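Owing to the predicted nature of the structure, the values given are computational and were not obtained by experimental measurement.
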Amino acid sequence: MEVERASSENKASPVRNIFLVTSIAAGVQFGWALQLSLLTPYVQLLGIPHKWAAFIWLCGPISGLLVQPIVGYYSDRSTSRFGRRRPFIAAGAALVASSVFLIGYAADFGHLSGDSLNKPLKPRAIVVFVVGFWILDVANNMLQGPCRALLADLSANDQKRMRIANNLFSFFMAVGNVLGYSAGSLKKLYTILPFTHTKACDEYCANLKTCFFISIALLLTLTTLALTLVKEKPFTEPEGDSAEKEDTHGKVMCFGEIVGAFKELKRPMLILLLVTCFNWIAWFPFVLFDTDWMGREVFGGDATAKGKSKDLYNVGVRTGALGLMLNSVVLGFTSLGVEHLARGVGGVKRLWGIANFLLAACLAMTVLVTKLAKEARNGHPVATPPPGGIKAGALALFAVLGVPQAVTYSIPFALASIFSNTSGAGQGLSLGVLNLAIVIPQMLVSVTSGPWDSLFGGGNLPAFVVGAIAAAISGILALTMLPSPPPDVPNSKNARPVIAACH
C-alpha cells in the first residue's frame with residue numbers, strides 16, 4: 001500500500017514537535033478526568049437511576065467502534081493542503097469544546113425548556129446531557145486517533161521514537177488527569193466564574209461547569225499551539241490509486257477497505273488485538289466503578305439512601321477521587337520510565353505481560369480490602385467509615401494500578417504503529433482497528449456488568465473478579481504468543497540525539 005510512502009520518506013521530526021502533539025492529550029484527559037470523578041453524581045442529580053449509569057457509558061465504545069476506523073481511513077488518504085491529520089485534530093477539538101458546553105449547561109437548558117426544579121427527574125436536561133455526551137465521545141475519537149497517527153508520521157518509522165512518543169502521550173494523559181481531579185476537588189472553584197451558579201445549577205453543578213470551561217480553554221490552547229507550530233506536508237496520492245479505491249459512483253469504499261484490513265491482518269497484529277481485548281475486559285470494570293467501589297464496598301455507604309449512609313458514600317467517592325489522583329501521579333512517572341523498564345525486563349512484550357499480571361493481582365486484592373472493610377463494620381449499629389489502615393490499603397491499590405495503566409496507554413499503540421509499518425498498512429486505519437479491540441470489550445462490560453453483579457448479590461466485586469481473570473489471560477498471551485517487534489533501526493542521522501533528549 002502506498003498510503004504511508006510520503007511519511008516514511010521524510011526524516012524524523014524534531015522532538016519539540018512530538019512534545020507539542022503529545023501535550024494535546026493533557027487537554028483531552030482533563031475533561032475525561034472530570035467525567036470519571038464527577039459525572040456519575042451529576043447524572044444522578046439529573047434523575048438518572050444509578051443502575052443505568054453503565055449504559056450511558058456505552059456511547060463511548062459505540063462511537064469508537066465507528067468513528068476511529070473511519071477517521072483513520074480518511075486521514076490516511078487526506079490530500080488537504082493543511083496535512084492529513086491536522087484538519088481532523090482541529091475539528092475534533094472544536095467538537096469537544098461544543099459538547100462540553102452542552103454537558104455543563106444541561107441542567108440550565110432543561111430548566112429553560114420546562115423541567116421542574118422540585119422534581120428529581122429532569123427529562124429535558126437528560127436529553128441535552130446525553131446528546132452532549134455522544135458528541136463528546138465522537139469528538140474524542142476524532143481527535144485522539146489522528147493524534148496517535150500524527151505521532152507515528154513524525155517518528156518516520158523509527159520504532160524507538162514511536163515508543164517514546166506514545167510514552168509521552170501517556171505522560172500527558174496523566175498530567176491531564178492530575179489537573180482534572182485537582183480541579184474537581186475544589187468546592188468553591190465556581191467563584192472564579194460566578195455566572196455558572198444559577199437556579200437550576202447548584203454549587204456542585206456550578207463547580208463542574210467551571211471545571212469544564214477551564215478544560216475547554218486548556219484543550220483549545222494546546223491544540224492551537226500544536227497545529228500552528230507543527231506542520232505537515234500535504235499528502236499526494238500516487239497516480240492511479242484513487243481510481244482503484246472508488247466505485248462506479250465515485251464514492252470511496254471506506255467500509256470495504258476496513259473489512260479488507262481485517263482480512264489482511266498479519267499474525268502479529270491479530271495477536272496484539274487479542275491481548276488488547278482481554279486487557280480492556282480487565283480494565284473497564286474498574287474504570288467504570290472505581291469511586292463507586294470506594295463509596296459502596298469500602299465505606300459501606302448507599303448513594304440512594306438518606307442521612308449517614310449517603311454521607312458515607314459521598315465521603316467514599318471523594319476518597320476514591322484522591323485515589324485517582326495518586327493513580328495519575330504514578331501513571332505520569334511510570335510513563336516516563338516505560339522505555340527503561342522494558343529494557344530492564346527484556347523487552348516491551350515481557351513488560352506488558354508483567355504489567356497485566358500486576359493488574360490481575362490488584363483487581364483480586366479488591367476482594368480482600370472489601371472483606372476487611374465489611375468485617376470492620378460488623379458490630380457497629382451506626383454506619384462508620386473504615387479504619388485508616390483499610391483506607392490506606394484501598395488508596396495503595398489505586399496508586400499501584402498507575403504502573404500497568406502507563407503500559408496500557410503506550411505499548412499497544414506503539415506496537416500497532418510498528419506492526420502496521422511492517423505490513424504496509426496505513427497508520428490511521430491500523431490504529432482505528434486497534435481501537436476496536438478496546439471499545440468492543442468496553443461495550444461487553446457496559447452491557448453485562450450490571451446483570452452480572454446483580455446475579456451475585458449486587459456490588460462491584462463480581463465484575464472486578466472477571467477483570468482479574470481477563471488480566472491474567474492477557475498477561476499469558478502477551479508472554480507466550482505476542483511476537484517481539486523487529487530490532488530498532490534509526491531512520492536518520494539525527495534520530496539518536498533526539499531520543500537522548502527525550503530521556
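Counting heavy atoms from C-beta outward, Val100 and Val96 have side chains that approach closer than 4.5 Å. Considering only heavy atoms from C-beta on, Leu219 stays 4.5 Å or farther from Phe30 through its side chain. The shortest distance between side-chain heavy atoms of Trp352 and Leu272 falls below 4.5 Å. Annotation: side chain of Phe88 is in contact with side chain of Ser78 (closest heavy-atom distance under 4.5 Å). Under the 4.5 Å side-chain criterion, counting only non-hydrogen atoms from C-beta, Leu151 is in contact with Ile18. Between Val348 and Pro485, the closest side-chain pair of non-hydrogen atoms falls below 4.5 Å. Put simply, the side chain of Val338 does not reach to within 4.5 Å of the side chain of Arg163, judged on heavy atoms. Contact annotation: the side chain of Phe109 never approaches that of Phe129 to less than 4.5 Å [non-hydrogen atoms, C-beta and beyond].
Here the straight-line distance linking atom CG of Leu395 with atom CG of Asn327 works out to 11.0 Å at 0.5 Å rounding. The CG atom of Leu218 lies 11.0 Å from the CD1 atom of Ile24; values are rounded to the nearest 0.5 Å. We find the CE-SG distance between Met142 and Cys147 to be 12.5 Å, quoted to the nearest 0.5 Å. Between atom CD of residue Gln159 and atom CG of residue Leu415 there is a gap of 9.5 Å, rounded to the nearest 0.5 Å. Here the CG-CG distance, from Asn177 to Leu331, works out to 6.5 Å after rounding to the nearest 0.5 Å. To the nearest 0.5 angstrom, Asn140 atom CG is 8.5 Å from Gln29 atom CD.
Of the possible polar contacts, none joining the Thr366 side chain to the Cys362 backbone as a donor-acceptor pair under 3.5 Å is found.
Ring pair Trp293/Phe464 is perpendicular by interplanar angle, where above 60° counts as perpendicular and below 30° as parallel.
Between Ser417 and Met162, the closest heavy-atom pair is CB-SD, 3.5 Å. Closest approach of Ser215 and Phe212 over heavy atoms only: OG-O, 2.7 Å. A pairwise comparison of heavy atoms in Leu220 and Ala93 identifies CD2-O, 4.0 Å as the closest pair. For the residue pair Ser335 and Ala406, the shortest heavy atom distance occurs at OG-CB, 3.6 Å. For Ser309 against Gly300, the heavy-atom pair with the smallest separation is OG-O, 4.3 Å. Contact between Ala360 and Ala468 at its shortest, heavy atoms only, is CB-O, 3.3 Å.
The existence of a salt bridge linking Arg85 and Asp76 is confirmed by a sub-4.0 Å separation between a basic side-chain nitrogen and an acidic carboxylate oxygen. In summary, Glu232 and Arg84 do not engage in a salt bridge, as defined by a charged side-chain N under 4.0 Å from a carboxylate O.
Ring centroid separation for the pair Phe299 and Tyr313 does not come in under the 6.0 Å cut-off. Ring-centre distance between Tyr409 and Phe172: not below the 6.0 Å cut-off.
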Show the numbers, then the answer: is there a side-chain contact (heavy atoms from CB on, under 4.5 Å) between Asn279 and Leu359?
CA-CA 9 Å; Asn279 192 202; Leu359 170 60; 3.8 Å; yes

Decide yes or no on side-chain contact (heavy atoms from CB on, under 4.5 Å) for Thr276 and Ile438, but give the supporting numbers first.
CA-CA 7 Å; Thr276 302; Ile438 297 173; 3.7 Å; yes

Where do Phe289 and Arg296 land on the side-chain contact (heavy atoms from CB on, under 4.5 Å) test, with the steps shown first?
CA-CA 10 Å; Phe289 302 118; Arg296 186 187 300 264; over 6 Å; no

Might you work through the side-chain contact (heavy atoms from CB on, under 4.5 Å) test for Leu363 and Phe286, ending with a clear yes or no?
CA-CA 8 Å; Leu363 291 175; Phe286 195 78; 4.0 Å; yes

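Scored by the side-chain hydrogen bond (donor to acceptor under 3.5 Å, both in side chains) test, Trp283 finds Thr408 as partners (sequence neighbours excluded).
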